[in-house]
Amino acid sequence: MPCGNMAAGDLDVQVPDQAASEELRELQQGFNSMARAIGSAHKLMQAKIDEATARLAHQALHDPLTALPNRRAFEQALEEMVVASRRADDRGALCFIDLDRFKVVNDTAGHAAGDALLRKVADLIRQRLRAEDIVCRIGGDEFAMILRGCTSADAYRIANGLCEAVHELRFVWEGSEFRIGASIGFAIIDGTMESVAEVLHAADHACYAVKRQGRGRVMEYQPELPASSAG
């Protein structure tokens with residue numbers, strides 16, 4: 001029965017409008033019109049639900065300011081990279097990027113200027129990466145890059161090119177020009193480190209070493225690097 005089918009969730013129900021009497025034909029046509037309207041409304045509602053679900057899923061994994069993947073997405077991608085390096089002998093690198101002199105922009109020109117600069121830097125990084133790589137904003141003026149399928153030399157070349165690009169960046173806000181830099185520390189992911197925590201510590205260690213030794217450069221993690229004093 002059409003009504004039973006509709007009650008069961010089948011909204012594409014139609015009945016033949018071939019009744020002998022005019023009154024029954026009108027009832028059949030009315031039922032069909034109602035069924036079409038309900039089906040159309042249901043499809044529209046489901047499309048809106050799907051769109052909202054996809055938007056929420058995207059927002060959960062992306063930074064609203066720069067539209068880059070956020071820390072949560074970064075942690076997931078890094079976990080996958082570390083697991084792949086152990087199981088499939090896949091190589092890669094984790095780079096931590098800390099912007100130099102960014103606080104001067106915020107303090108001098110305000111947070112709107114700082115936000116605009118972060119978006120500009122995010123676009124600059126995104127444009128310089130390969131299709132298989134990922135860049136995330138992990139907080140404040142800190143970014144992280146996960147470079148897939150690369151050697152130490154490849155990682156240094158990519159990071160150093162980015163370092164130079166940030167150094168050359170001219171940021172103008174309300175008539176004032178600002179210059180920033182980037183300190184980048186990276187660690188190779190090649191299966192020798194057992195956990196995500198080890199990789200994070202290594203890249204963070206290298207980044208702090210760069211900042212202590214003059215900033216604006218790239219450094220690969222080496223076990224013999226002096227112990228870092230976070231801050």
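Heavy atoms only: backbone and side chains are in, while hydrogens, waters and symmetry mates are out. Just so it is clear, the model here is predicted, and its values are computed rather than measured.
A heavy-atom distance below 4.5 Å is found between the side chains of Leu118 and Arg137. Looking only at side-chain heavy atoms (C-beta outward), Ile138 and Phe143 stay at 4.5 Å or farther from each other. Ile134 has its side chain within reach of Pro69: a pair of non-hydrogen atoms, C-beta onward, lies under 4.5 Å apart. Residues Trp173 and Phe178 form a side-chain contact, since some pair of their non-hydrogen atoms from C-beta on lies under 4.5 Å apart. Proximity of Asp115 to Thr66: side-chain heavy atoms (C-beta onward) are nowhere separated by under 4.5 Å. Counting heavy atoms from C-beta on, the side chains of Leu124 and Val166 come closer than 4.5 Å. Residues Arg130 and Cys150 form a side-chain contact, since some pair of their non-hydrogen atoms from C-beta on lies under 4.5 Å apart. Side-chain contact between Arg126 and Leu68 is present, with heavy atoms from C-beta onward closer than 4.5 Å.
Using a cutoff of 4.0 Å between basic side-chain nitrogens and carboxylate oxygens, Asp90 and Arg148 are not scored as salt-bridged. Residues Asp123 and Lys120 are not paired through a salt bridge, judged by the lack of any N-O separation under 4.0 Å between the basic side chain and the carboxylate.
Note on ring orientation: taking the six-membered ring where Trp is involved, the planes of Phe74 and Phe96 are tilted (angle from 30° to 60°).
Both Phe102 and Val121 are assigned to one and the same hydrophobic cluster, defined by single-linkage of ILVMFWY side chains at heavy-atom distances under 4.5 Å. When hydrophobic clusters are built by joining Ile, Leu, Val, Met, Phe, Trp and Tyr residues whose side-chain heavy atoms come closer than 4.5 Å, directly or via intermediates, Ile125 is grouped together with Leu65.
Between the side chain of Asp204 and the main chain of His201, no donor-acceptor pair closer than 3.5 Å is present.
Ser85 and Asp190 form no side-chain donor-acceptor contact under 3.5 Å, judged by distance and modelled atom types alone.
Here CG of Leu162 is found 13.0 Å from NE2 of His167. Values are rounded to the nearest 0.5 Å.
Between Ala187 and Val199, the shortest heavy-atom contact is CB-O, 4.2 Å. Of all non-hydrogen atoms in Met81 and Ile189, the two that sit nearest each other are CG-CD1, 3.7 Å. The two residues Ile188 and Ser152 come nearest to each other via the heavy atoms CD1-CA, 3.6 Å.
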Candidate pair Leu94 and Leu78, rule side-chain contact (heavy atoms from CB on, under 4.5 Å), full reasoning:
CA-CA 8 Å; Leu94 168 63; Leu78 183 59; 4.0 Å; yes
Report the C-alpha distance between Met219 and Tyr156 in whole Å, list the side-chain angles of each, state the deciding distance to 0.1 Å, and finish with yes or no for side-chain contact (heavy atoms from CB on, under 4.5 Å).
CA-CA 8 Å; Met219 182 177 292; Tyr156 183 86; over 6 Å; no
The test is side-chain contact (heavy atoms from CB on, under 4.5 Å); show your working for Glu75 and Glu79 and say whether it passes.
CA-CA 6 Å; Glu75 291 171 350; Glu79 176 71 36; over 6 Å; no
